[in-house]
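Written below as structure tokens is the structure these notes are about.
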Amino acid sequence: MKAAVLDFPGSNCDFDMYYALIDFGIDAKIIDARQSNLDDYDAIFLPGGFSYGDYLRAGAIARFAPAMEAVKKAADQGRFVVGICNGFQILTEAGLLPGALRMNAKAGFICDQVLLNVENDNSLFTKNLSRQQLLLPIAHAGGNYYADQETLTKLHANRQIIFTYQDNPNGSIDDIAGIISEKGNVFGMMPHPERAVDPLLGNIDGRPFFESILQTSGVLN
Amino acid sequence: MSIAANPQLKSAEEVKSERIYAQWGLTDQEFKIIENEMGRLPNYTETGLFSAMWSEHASYKKSKPILKTFWSKNERVLQGPGEGAGILDIGDGQAVVFKAESHNHPSQVEPYQGAATGVGGILRDIFSMGAQPIAVLDSLRFSEIKNEQTKSLIDGVIDGIAGYGNAIGIPTVGGDVAFDDAYEGNLLCNVMSIGLLDHQDTIKVGQAHGKDNSVIYVGAKTGRDGINGATFASTEFSSQEESQRSAVQVGDPFMEKLVMDATIKAVREMPEAVIAIQDMGAAGILSSSSEMGEKGGSGIWLDLDKVPVREKGMIPYELMLSESQERMLLVVAQGREKGVIDLYRDAGLDAVVIGKVTDDSRYRLSFQGETVADLDIKLLTKAPSYKLPSKLPVHIKKASQQQYQPKISNPLQIIMQILSQPTISSKKFFYRHFDSMVRTDTVVKPGGDAAVIRIRGTKKALSLTTDVNGRYVYLDPYRGGQMAIAEAARNVVSTGVLPIGITDCLNFGNPDNQEVYYESEQSVAGINNFAKQLNTPVVSGNVSLYNETDNRAIYPTPMIGMVGLIRDNRKITTINFKKNGDLIYLIGS
Amino acid sequence: MFLAKIYVTYKPSILDPQGEVIKSALHRLDYTDVNSVMQGKYFEIKLEAKDQRTAAKEIEEFSDELLINVNMETFTYKLSEISSVEE
Amino acid sequence: MFLAKIYVTYKPSILDPQGEVIKSALHRLDYTDVNSVMQGKYFEIKLEAKDQRTAAKEIEEFSDELLINVNMETFTYKLSEISSVEE
Ligand SMILES: Nc1ncnc2c1ncn2[C@@H]1O[C@H](COP(=O)(O)OP(=O)(O)O)[C@@H](O)[C@H]1O
């Protein structure tokens, strides 16, 4: 599997994601988001950070970066598109995922580890999870997910909600922590699985997430 | 020589007769030295340059005699005090770079931006040596939490550190915080940063060499922010004076991330082209350029018309002293400018040649086609230093004659009271706002005794902590200094790691007060004594004097930042009890 | 030269968490008369355009495209001609 | 009931990093006519007060105290009486 990790000006989890992917034997490259061709990649990762300083709104400016056209193309073609934290914010701003992310209900940046429920264990990203809950790091100031009632009804009906918080840290509507697109190949979440893959750092709950992606992409089987 | 006469500015004669220099912090005697050494009167701009460079903040004129006593050499030391940051050898061609900075007064006046720009400044100190910053720690002191005002100061400082560090993507992994009314009206905000150099041969120091090499300005544009910041940091506070607010600077972590990544890339890709780098901190272009010139034994010529500006009509005095953030000064080999400039431009940054290195030991500025300053660079950068008188504080004399026996009637109640003290209780409320995990190298996160950061690709890890107890130092400066080191070392050792070096931030009151000077002298002597015994040289640091409000000094607070090294990261230990039935030992006396 | 003052607010149906936080802070400071607080964004943008209509069109376009998130925000604006010297 | 519309902006000499980044983004989107962008805050606050003067006084007070950072920002406001039903 060939994966691109996009580097927007201000991204700061690009290397973390890159190292995590490498760790799973994925052929990953960090790609400058000013580049506009991503045809070579089976999966595209939008990492965490503060693209363009998160000025205006998180993800608002990044969605116009040249690479985003290529990301749309990849999404249309059914390739994997994964946005973590700031990457999730960019995907919603770009309209590749429904809804929007507001500032946390209790103001301020939170860095912690939180328990997530796996709401749908049959998505491309969770098919092989074999776990009902995960403990994953969060680190964000704007993770308060919002969608209007109509969108929410659809999200529930299509089983697009993948992860919810057990103890909602940011005010997200319906405790939503991660969702997929209608077609199921675009995924976004606020928590950071790439920060939880190395036993030395004390948490490996992110591993099943990457393993699941690898398996559904046919590499492990 | 023609020194341009700007009709709006005071003439050299007026600067002298109206004692303009005194408003800027120079004493009559210092002005006389300048006049004598120069053989003429300094003009308005030149006087401004001296006032900034001879301020305590830039020159350490009052603390130098004390700083000189620091023990800072052993087999690991690659760079001791005097540069942007200190450097220690950690084997395999790698080195660790670290330093601490205070941003006390700016944070008292404008907590968010003061703390944020403190983080920005210390990070620039690290990456200007060519190193990749890998962690930040913060050491904070506030008054007891009594009212909304203290709370909003605390919130502001915490949010400022978080706002900058989180955005730039360097984890804030530890620090310490305590509350005591001694810091009422004069909080302490010290930040420490640690960087990694993968190849010792790419170490960059701020020394301008080579006639006709170019001086290149990179980063944000210059505005009128923080003019007089250096002199501001060197005077006491009065709770009355609102005018001090002109020193507020706004940080832009997004811009700094671009500057940081581009600078590290320039050093790695063009090590021979980039001869020297220095960040523009207090007294901006002035101190960075003159210090680089002086340390390299060179002169500097700058063309101020080339400086990228944000505001119109800035005069040389303002251009030179502005403390606009996120700016760096590079010396680049003649003929190699384009490669370096292109690299920064590609990152979307300003990079402009603004001057040259000369071989005549002069510091010359040109503005609108005229020479506006022409000074001996050594005179400018070497303020006279003062050995001040000291005397045993009265409170110590008194205390030594008293006996105090705590009366304990209800131990349980007392334990509960102690645990509920903000200084003692968990600091999670603060550090949960900091991204302590970004870069995915944090092995031991905040909440333990010290933080531990692994060095990716090796089995090595670094342990980091900041400590000092101002009350101990107040009661016994010498032993208090020793105890600061001992506490830091205990914290590092608790993670299973061997301490290897120290940085410091010496926060004291007004040094002209003999008791305060005694505290500084004695506590540093104590630090020194213990640093030697532990073989942990003091390789960098920072001095913050005049920490007083309405003539009341803070507790003497020499903050110690300590770094430890472990070769096998499997041997790192953590604070929590591991399992039922394990034995508990008490070690020590 | 034109000056646009653009006001961005959440759509009425959307809870504004920052507004709520500020309201409670005002209450704690004893401004208990305060009934509701809504926090939005305010932009002052100067732009060249051949006439007011063109300027208005441009502003509406880029506000929708960049300045607001149409899922949750709306905007209003005021436009006036200014002399270039004011710049 | 009164409605106050409060506009908070940076003082002129203070760096506005957001404004600069938004301006470049607009330029990249081909709105090259845009000359300058300043981002500030906008509040709509409803409050009870016995008369307009009292309301004005209160608004000025709490704006200085809480809404703005007096070191870097200034504010202007508009005040109007509204019927409580509009609430
Ligand atoms: N200002 C701070 N920033 C980051 N972490 C902090 C801060 N203050 C405390 N901590 C974390 O909490 C731990 C315990 O804090 P404290 O009780 O002050 O330390 P100590 O046990 O050294 O007295 C520290 O080692 C650090 O990990």
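Keep in mind that the numbers below use all heavy atoms, side chains included, and drop hydrogens, waters and symmetry copies. To find a chain, count down the sequence lines: A is the first, B the second, and so on, and within it residues start at 1.
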For [X], is it the side chain, the backbone, both or neither that has a heavy atom under 4.5 Å from a heavy atom of chain A?
X: B:Asp441; answer: backbone
X: B:Thr442; answer: backbone
X: B:Arg570; answer: neither

ask   = Rounded to the nearest 0.5 Å, how far does CG of B:Asp435 lie from CG of A:Asp112?
value = 11.5 Å
query = If you count heavy-atom pairs under 4.5 Å between each of B:Ile572, B:Asp261, B:Asp346 and chain A, which one has the most?
reply = B:Asp346
Sub-4.5 Å heavy-atom contacts with chain B: which residues of [range] show up?
range: residues 85-101 of chain A; result: none
range: residues 186-198 of chain A; result: A:Glu194, A:Arg195, A:Asp198
range: residues 50-63 of chain A; result: A:Phe50, A:Tyr52, A:Gly53, A:Tyr55

ask   = Hey, which of A:Gly202, A:Ala20, A:Pro9 has the most heavy atom pairs under 4.5 Å with chain B?
value = A:Pro9
request  = Heavy atoms only, distances under 4.5 angstrom: which of A:Ile110, A:Asp32, A:Leu200, A:Asp14 has the most pairs with chain B? Name it, please.
outcome  = A:Leu200
Of the non-hydrogen atoms in [X] and [Y], which two are nearest, and what is the gap between them?
X: B:Ser436; Y: A:Cys111; result: N-SG, 3.6 Å
X: B:His433; Y: A:Phe109; result: ND1-O, 2.8 Å
X: B:Met437; Y: A:Pro137; result: CE-CB, 3.5 Å

query = Any donor-acceptor pair under 3.5 Å linking the side chain of A:Asn12 with the backbone of B:Ile170?
reply = no
ask   = Is the number of heavy atoms from other residues, nucleotides or ligands within 6.0 Å of NZ (A:Lys72) greater than 12?
value = yes
request  = List in chain and number order the residues that pass ring pair (Phe, Tyr, Trp, His ring centres under 6.0 Å) with A:Phe210, two or more places apart in sequence or in another chain; answer none if no residue qualifies.
outcome  = A:Phe24
